[in-house]
Amino acid sequence: MNGNMMQLLQRIKGLTADFLDRNGTVDDGELMRFIEEEAFRHGAGLSVAEKRAVIQRVFNSFRGMDILQPYLDDPEVTEIMVNRHDEIFIEKKGEIVRVEERFDHPGKLEDLIQTIVGRVNRIVNESSPIVDARLPDGSRVNVVLPPLSLKGPTLTIRRFPEKPMTLRDLQESGTLTGEAAQLLERLVRAKYNIFISGGTSSGKTTMLNALGNCIPRDERVITIEDSAELQFPNIPNLVRLETRNANAEGRGSIGMSVLIRTALRMRPNRIVIGEVRGGEAADMLQAMNTGHEGSLSTGHANSCRDMLSRLETMVLSGVQLPLAVIRQQLVSALDIMVHLNRLRDGRRVVTEIAELVALKEQDYVLRPLFQWVDGTLQPTGETLVHTEKLKRAEEADDRFVLRCLGNEEEPFILAGEAGAGGL
């Protein structure tokens with residue numbers, strides 16, 4: 001904004017604040033009309049486009065997300081990173097750039113943070129300076145306050161598409177191939193337990209959403225997350241659970257472990273856990289090993305095998321069991337591992353799909369079905385070893401078809417009859 005626009009902006013902000021103080025509750029339409037009238041009354045010398053920019057900026061500062069609102073309205077922006085009130089970066093089309101906009105002062109950023117966390121009944125202050133929250137559109141929010149954040153209040157917003165991406169969408173975007181997508185959909189529908197791994201911003205939640213929307217509509221699904229992000233519009237019988245942080249007195253915290261144990265008493269067909277980070281991994285394994293087939297979850301790791309090692313550590317942080325017992329539980333609980341990577345050019349791709357076959361001499365036997373070779377996801381030629389669930393699914397439904405990919409007339413192929421890729 002040029003100098004004249006900034007002067008008008010500050011003047012209209014002051015007038016609007018006085019208007020709200022005098023009138024109390026004002027709906028969005030009435031507020032917008034007031035801002036428009038004042039902007040055109042005092043905006044001599046500015047073009048209509050410049051006045052409109054000022055009007056929107058003022059409205060956003062009172063009812064939207066202030067200077068961040070235009071980036072939240074831009075579907076191509078996937079991440080907003082506020083390092084301090086005057087240092088803001090965005091990720092757009094896989095590229096991270098610094099933007100010129102800045103908050104007027106640190107207090108404006110702090111007010112916005114309190115508004116965001118207050119909407120989802122979270123608390124963030126000096127005694128509890130870290131919080132995860134979400135916006136009404138499902139975007140993930142992380143806040144870190146001083147003294148932990150040395151520059152000032154830090155706000156990071158991870159955005160997701162308004163409409164959850166399907167396996168077909170991921171196939172068209174190059175995240176995985178059509179053959180791999182068909183395999184994954186069949187495995188989900190046949191109730192294989194699938195664990196998705198990957199690094200930060202590699203697309204784990206997006207993949208989890210896509211797989212979750214392949215679950216048959218007649219099943220009862222319970223999702224468990226730190227901050228509710230998953231969207232399964234195709235599942236009518238859906239219960240969404242979200243953890244709760246401690247209150248100002250340090251009480252009332254409800255973590256993932258409690259929610260997982262509670263979900264087991266809610267008659268779920270499947271349990272979907274947004275991400276495991278600690279001792280709740282032990283409860284997840286118990287759920288998968290007690291008849292809740294077809295469960296899905298994600299975790300941070302550098303490969304499928306590395307994810308298994310991390311899960312061991314997570315379980316040990318929650319319960320004291322011999323390592324041999326933990327490994328046997330992992331093999332019994334998990335069927336399929338899917339790993340994603342974010343490439344240097346910003347693309348998020350599946351780089352490995354493997355079957356967890358068995359435990360041999362206390363070492364995991366991972367059977368790779370698809371691997372990233374020469375810049376593309378390729379079938380290894382290996383076939384699925386454990387085919388019992390696929391066969392049961394075929395016996396239960398003689399039209400065991402692909403619905404997420406739209407191939408409703410395609411016949412089901414038994415394991416052993418398929419070509420490379422492992423059906």
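Model, not experiment: these values are computed from the prediction.
When each of His386, Lys191, Lys389 is checked for a side chain to side chain donor-acceptor pair (under 3.5 Å) with Asp335, only Lys389 meets the rule.
For Glu280 (side chain) and Arg277 (main-chain N/O), a donor-acceptor pair under 3.5 Å exists by modelled atom type. Looking at Ser149, its side chain never comes within 3.5 Å of a backbone N or O of Pro146 through a donor-acceptor pair. Of the possible donor and acceptor atoms, none in the side chain of Thr376 sits under 3.5 Å from a partner among the backbone N and O of Trp372.
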CA sep, side-chain torsions, deciding dist, call: Arg134, Glu242, salt bridge (charged side-chain N to carboxylate O under 4.0 Å, His left out): CA-CA 11 Å; Arg134 53 182 164 80; Glu242 184 179 63; 2.7 Å; yes
For a side-chain contact (heavy atoms from CB on, under 4.5 Å) check, start with the C-alpha distance between Val272 and Ser297, then their side-chain angles and the critical distance, and finish with the verdict. CA-CA 6 Å; Val272 180; Ser297 187; over 6 Å; no
Please step through side-chain contact (heavy atoms from CB on, under 4.5 Å) for the pair Val141 and Thr156, ending with a clear verdict. CA-CA 6 Å; Val141 177; Thr156 308; over 6 Å; no
Show your working on salt bridge (charged side-chain N to carboxylate O under 4.0 Å, His left out) between Arg52 and Glu36 and close with a plain yes or no. CA-CA 8 Å; Arg52 287 294 178 191; Glu36 288 175 340; 3.0 Å; yes
After noting the C-alpha distance and the side-chain angles of Lys204 and Glu275, does the key distance pass the salt bridge (charged side-chain N to carboxylate O under 4.0 Å, His left out) rule? CA-CA 9 Å; Lys204 299 186 296 298; Glu275 182 178 335; 5.3 Å; no
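Gln182 contributes atom CD, which lies 10.5 Å from atom CG of Leu167 (distance to the nearest 0.5 angstrom). With values rounded to the nearest 0.5 angstrom, Gln69 atom CD is found 12.0 Å from Arg57 atom CZ. A distance of 12.5 Å separates OH in Tyr192 from CG in Leu184, rounded to the nearest 0.5 Å. Note that the CZ atom of Arg84 and the CZ atom of Arg102 stand 9.0 Å from one another [nearest 0.5 Å]. Separation of atoms CD (Glu388) and CG (Leu390) is listed at 9.0 Å; rounding is to 0.5 Å. Note that CD1 of Ile353 is 5.5 Å distant from CG of Leu377, once rounded to the nearest 0.5 Å.
Salt-bridge annotation for Lys163 and Asp169: absent, with no side-chain N of the basic residue lying under 4.0 Å from a carboxylate O of the acidic one. Here Glu312 pairs with Arg327 in a salt bridge; the nearest charged N to carboxylate O distance falls below 4.0 Å. Glu394 and Arg186 are not joined by a salt bridge, as no carboxylate oxygen comes within less than 4.0 angstrom of a charged side-chain nitrogen. A salt bridge links Arg270 and Glu219; the closest N-O separation between the charged side-chain nitrogens and carboxylate oxygens is under 4.0 Å. Classification of Asp363 and Arg305 as a salt-bridged pair holds, one side-chain N sitting under 4.0 Å from a carboxylate O. Taking 4.0 Å as the cut-off between side-chain N and carboxylate O, Arg122 and Asp132 do not count as a salt-bridged pair.
Side-chain atoms of Thr243 and Asp226 form a donor-acceptor pair, as typed in the model, at a separation below 3.5 Å. Side-chain contact annotation: Tyr71 with Glu101, donor-acceptor N/O pair under 3.5 Å present. Counted by atom type alone, Arg267 and Asn269 present one or more donor-acceptor pairs between their side chains at under 3.5 Å. Thr205 and Arg140 are linked by a side-chain donor-acceptor pair at a separation below 3.5 angstrom, with hydrogens and angles left out of the test. Neither side chain, His339 nor Ser303, offers a donor N or O lying under 3.5 Å from an acceptor on the other. In this model, no donor atom of one side chain and acceptor atom of the other lie less than 3.5 Å apart for Glu110 and His85.
Using a 4.5 Å cut-off on side-chain heavy atoms (C-beta onward), Val143 and Ile130 make no contact. Taking the side chain as every heavy atom from C-beta outward, Thr154 and Val82 never approach each other to under 4.5 Å. Between Ser197 and Val338 the shortest side-chain heavy-atom distance does not fall below 4.5 Å. Leu308 has its side chain within reach of Leu334: a pair of non-hydrogen atoms, C-beta onward, lies under 4.5 Å apart. No side-chain heavy atom of Ile88 sits less than 4.5 Å from a side-chain heavy atom of Arg98. The closest side-chain heavy-atom distance from Asp66 to Asn60 is not below 4.5 Å. The closest side-chain heavy-atom distance from Arg158 to Ser139 is not below 4.5 Å. A heavy-atom distance below 4.5 Å is found between the side chains of Lys92 and Asp74.
For the residue pair Ile12 and Ile35, the shortest heavy atom distance occurs at CG2-CG2, 3.9 Å. The two residues Ile224 and Ala263 make their nearest non-hydrogen contact at CD1-CB, 3.8 Å. Taking every heavy atom of both residues into account, Val120 and Ala133 meet most closely at CG2-CB, 3.7 Å. Residues Ser257 and Asp283 come closest through the heavy atom pair OG-OD2, 2.9 Å. Contact between Val188 and Cys214 at its shortest, heavy atoms only, is CG1-CB, 4.0 Å. For the residue pair Met307 and Met314, the shortest heavy atom distance occurs at CE-CE, 3.9 Å.
Counted within 6.0 Å of CD on Glu95, heavy atoms from surrounding residues, nucleotides or ligands total 12 or fewer; the atom is thus considered open. Within 6.0 Å of atom CD in Glu126, 12 or fewer heavy atoms from other residues, nucleotides or ligands are found, so the atom counts as exposed in its surroundings.
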